[in-house]
Colleague: 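I'd like to ask you about the structure that follows.
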Amino acid sequence: MPELPEVETVRRALQATVTGRTIRSVRLSGLALREPIPRGFAKQVAGHRLTAARRLGKYLLLDLDGGLTMLSHLGMSGRWLFFPEPPSSDMPHVHARLRFTDGAELWFQDPRRFGLLRAVATERLERDRSLALVGVDPIQNPPAGAWLHARARGTRIAVKQFLLDQKRVAGIGNIYASEILHRAAVHPRLRAGRVPGEGWEAIAREIRAVLNEAIDRNGTTFSMYRTMWNEPGAYGDQLRVYDRSGEPCRTCGTPIRRIVQGARATFFCPRCQPASPRAARRSRGPRRRHSTAKPSVRQRQTRRKATSSGS
DNA sequence: ATCCTATCCTGTAGGC
DNA sequence: TGCCTACAGGATAGGA
C-alpha cells in the first residue's frame, strides 16, 4: 500500500509527535508479521527516548537514545497510529503498542501482516539484512537521467519492473511507477536497457516531480492508506493512469489500458506512451505537453481544483 | 547473474 | 441478502 510519499507523510507525523517522548512499555500481539517481531523487542526499546524519525525508501527508522533504532516497514497495510490518550476500545490487527511515560501511545496496526518491525543498533543499520538491499532514495538523493541510463545498460527487464526494484531506486511502488512512466511518455513494457537517454532524462525528472507532488498532498489513498491522523491522502485526484482503465487519458483522451506485468497491474496510455522509440518520434508532433506555453483548459482546471481542495 | 513466479495475509468490491 | 472469486499500494525465497 504505502509507497515513498505515504511513508514520508507518516515519517513527518512521527517526527512531529513522538520524538522527545520516552517509551515506558511495549505490548505485542504475538502474531508474526513478514517475520516475527523479535522476542526481545519490548525489553530492548523500553526506557528509551525517541530522538528522530528518518526514512530510507519505504523503510521508517525511529532512532532512540542509547544507539538503538526501530526499523519498520508498512508492507501493504501497515499503519502507525498515535493517540495522545489511548482509546478504551480495542482495535483489530494491532501488533505493537508502545506506551510512553506521559500516557500517550503509538500503535503499529497491520491487517495483512506483510509489515516489519525490529530494533537494530543504529551503527549497524547499513549492514541490516533488509536495509543493505535498499538503493538510492530519490528524495534525499535524486538520481540523474544519465545514472539511471547507466544502471539500465544491458538489463532485459521491462522499465516498469526496473522502477519497482528497490535495490536500484528505493521507494517507487506500483501506483507511482505507472504515473511516472505516463508523464515521462515511456511505454511500461519497454526493456529498461532499450530506453534511450532522453527517456531516462524524462523518467528522472518525473520521479522527482511525481513523488514530491504526492508528498505535498500527503500521498495517495487508493483503498486503505490513511495518514497517522486517519485522513486519506489527496494525491488520488492527480492520478493520470493508475486504476483508470478505460477512462480517457487526461492528456489526449485515448482510453487508458490495463496490462499485467509480474502479476501486478500496470496502467498506461497507448498514445502518449508508444511501444517503440520509433513510434514515439512519429507521434510526437501533434501534442507536446511540456513545450506548449499555454496550459490546456483541463490542466488549469486540475490545478485550480488541487489548490482549492488542499487541506 | 538475471529474471520470474508463487507466497505470505486479510479486507473489500463486484458478479451472480 | 449472501456467497464466491479476484484483486489489493510489498518483499523475497527459490526455481528456471
Side-chain angles (χ1 to χ4, degrees), chain A residues 1-11 29-37 55-60 71-80 91-95 108-118 128-135 138 151-181 188-194 210-211 214-215 217-227 231-246 258-267:
Chain A
M1 140 183 87
E3 307 183 29
L4 188 153
E6 292 75 38
V7 179
E8 175 62 15
T9 300
V10 173
R11 185 201 70 77
S29 69
L31 291 177
L33 305 180
R34 186 201 305 177
E35 59 189 50
I37 298 173
R55 180 190 57 71
L56 191 63
K58 298 174 195 170
Y59 286 88
L60 276 168
L71 177 64
S72 83
H73 193 293
L74 303 176
M76 288 283 239
S77 57
R79 294 163 67 181
W80 280 108
M91 287 178 62
H93 311 301
V94 175
H95 299 106
F108 187 79
Q109 184 190 41
D110 185 8
R112 290 180 70 179
R113 294 197 268 135
F114 292 167
L116 176 76
L117 181 60
R118 64 170 170 254
D128 178 87
R129 67 181 181 281
S130 296
L131 281 189
L133 302 174
V134 174
R151 290 297 305 267
R153 188 157 299 136
T155 184
R156 300 173 62 78
I157 58 168
V159 60
K160 158 80 171 350
Q161 317 267 51
F162 182 96
L163 292 181
L164 286 180
D165 187 342
Q166 305 297 304
K167 292 192 284 298
R168 298 180 173 107
V169 179
I172 300 169
N174 209 38
I175 290 179
Y176 298 113
S178 284
E179 294 299 312
I180 288 162
L181 289 174
R189 280 223 235 259
L190 245 189
R191 288 166 189 253
R194 296 226 176 121
V210 168
L211 296 181
I215 290 169
R217 292 182 158 74
N218 294 326
T220 302
T221 293
F222 173 65
S223 63
M224 294 182 67
Y225 166 78
R226 292 291 184 286
T227 69
E231 288 161 347
Y235 192 74
D237 320 340
Q238 309 296 313
L239 295 177
R240 302 199 186 182
V241 289
Y242 187 82
D243 202 35
R244 297 192 63 243
S245 184
R258 179 188 191 274
I259 57 175
V260 174
Q261 295 181 278
R264 325 274 316 265
T266 301
F267 300 87

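Here is the naming used below: chain letters follow the sequence lines, and residue numbers restart at 1 for every chain.
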Colleague: Between A:D237 and A:R217, is there a salt bridge with N-O shorter than 4.0 Å?
Modeller: no
Colleague: Nearest to the side chain of A:R168 - C:dA11, B:dC3, B:dT10?
Modeller: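 Nearest to the side chain of A:R168 among the choices is B:dC3.
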Colleague: Sticking with atom P, work out how far B:dC9 lies from C:dC3, rounded to a whole angstrom.
Modeller: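 Those two atoms are separated by 24 Å.
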Colleague: Looking only at non-hydrogen atoms, find the nearest pair between A:F162 and A:A192 and report the distance.
Modeller: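 Result for this residue pair: CD1-CB, 3.7 Å.
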Colleague: Taking the side chain as everything from C-beta on, heavy atoms only, tell me whether A:L164 gets closer than 4.5 Å to A:N174.
Modeller: yes
Colleague: Does any donor-acceptor pair link the side chain of A:R112 with the base of B:dC9 at a separation under 3.5 Å?
Modeller: yes
Colleague: Is A:F114 stacked on the base of C:dA11, with ring centres under 5.5 Å apart and planes under 30° apart?
Modeller: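 Aromatic stack with C:dA11 absent for A:F114.
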Colleague: For residues A:F267 and A:R244, determine if any side-chain heavy atom of one lies less than 4.5 Å from a side-chain heavy atom of the other.
Modeller: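 Side chain of A:F267 against side chain of A:R244, heavy atoms only: no contact under 4.5 Å found.
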Colleague: Taking only side-chain N and O atoms of A:H93, does any of them lie within less than 4.0 angstrom of OP1 or OP2 on B:dG11?
Modeller: yes
Colleague: If you check every side-chain atom of A:R113, which of B:dG11, C:dT12, B:dC9 has the closest atom?
Modeller: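 Of all the options, the side chain of A:R113 is nearest to B:dC9.
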Colleague: Rounded to whole Å, how long is the line connecting atom CZ of A:R34 with atom P of B:dT10?
Modeller: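 Distance check: A:R34 CZ to B:dT10 P gives 17 Å.
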Colleague: Would you please confirm or rule out a distance under 4.0 Å between OP1 or OP2 of C:dA11 and any side-chain N or O of A:Q166?
Modeller: yes
Colleague: Tell me, do A:R189 and A:K160 make a side-chain contact under 4.5 Å, heavy atoms counted?
Modeller: no
Colleague: Given B:dT10, C:dT12, C:dA8, which nucleotide is nearest the side-chain atoms of A:S130?
Modeller: C:dT12
Colleague: Just how far, in rounded Å, is C1' of B:dC9 from CD of A:E35?
Modeller: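 Between C1' of B:dC9 and CD of A:E35: 16 Å.
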Colleague: Select base, sugar-phosphate, or nothing to describe what A:A265 touches, counting heavy atoms under 4.0 Å on all strands.
Modeller: sugar-phosphate
Colleague: Return the value, rounded to whole Å, for the distance between atom OH of A:Y225 and atom P of B:dT12.
Modeller: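 My rounded result for the distance is 18 Å.
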Colleague: Between B:dC9 atom P and A:R79 atom CZ, what is the distance in whole Å?
Modeller: 22 Å
Colleague: Pairing of DNA chain C as dot-bracket, 5' to 3': ( ) intra-strand, [ ] crossing, | other strand, . unpaired, with Watson-Crick or G-U pairs under 3.5 Å?
Modeller: .|||||||.|||||||
Colleague: Are the side chains of A:S77 and A:H93 in contact, using a 4.5 Å heavy-atom criterion?
Modeller: no
Colleague: Which whole-number value in Å describes the distance from A:L4 CG to C:dA11 P?
Modeller: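 Spelled out: CG on A:L4 to P on C:dA11 is 11 Å.
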Colleague: Angle class for the A:Y59/A:H73 ring planes (parallel below 30°, perpendicular above 60°, tilted otherwise)?
Modeller: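 Correct class here is perpendicular.
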Colleague: Contact between A:L211 and A:E8 at the side-chain level, heavy atoms closer than 4.5 Å - yes or no?
Modeller: no
Colleague: Using side-chain heavy atoms (C-beta onward) and a distance below 4.5 Å, is A:T155 in contact with A:R168?
Modeller: yes
Colleague: Heavy atoms within less than 4.0 Å of DNA chain B: which residues of residues 155-162 of chain A have one? Give them sorted by number.
Modeller: A:T155, A:R156, A:I157
Colleague: Of the candidate nucleotides C:dT12, C:dG10, B:dG11, which contains the atom at the shortest distance from the side chain of A:Y59?
Modeller: C:dT12
Colleague: Without decimals, in angstroms, what is the distance between A:M76 CE and B:dT7 C1'?
Modeller: 12 Å
Colleague: Determine the contact category for A:Y242: base if any of its heavy atoms lies under 4.0 Å from a base atom, sugar-phosphate if only primed atoms, P, OP1 or OP2 are that close, otherwise nothing.
Modeller: sugar-phosphate
Colleague: Please confirm whether the shortest side-chain N or O distance from A:R258 to OP1 or OP2 of C:dA8 is below 4.0 Å.
Modeller: yes
Colleague: Please report the C-alpha distance between A:E6 and A:Y235 in whole Å, then the side-chain angles of each, then the deciding distance to 0.1 Å, and finally whether the side-chain hydrogen bond (donor to acceptor under 3.5 Å, both in side chains) criterion is met.
Modeller: CA-CA 10 Å; A:E6 292 75 38; A:Y235 192 74; over 6 Å; no
Colleague: Starting at atom CG of A:N174, determine the distance to atom P of C:dA11, rounded to an integer number of angstrom.
Modeller: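 Between P of C:dA11 and CG of A:N174: 11 Å.
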Colleague: Please measure how far the C1' atom in C:dT12 lies from the corresponding atom in B:dG11, and state the result in whole Å.
Modeller: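 Per the computed distance, 23 Å lies between those C1' atoms.
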Colleague: Between C:dA11 and B:dA1, how far apart are the P atoms? Round to whole Å, please.
Modeller: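 B:dA1 and C:dA11 have their P atoms separated by 23 Å.
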Colleague: Quick one: A:K167 NZ to C:dT12 C1', roughly how many Å, whole number?
Modeller: 8 Å
Colleague: Could you tell me whether the side chain of A:L117 reaches within less than 4.5 Å of the side chain of A:W80, counting heavy atoms only?
Modeller: yes
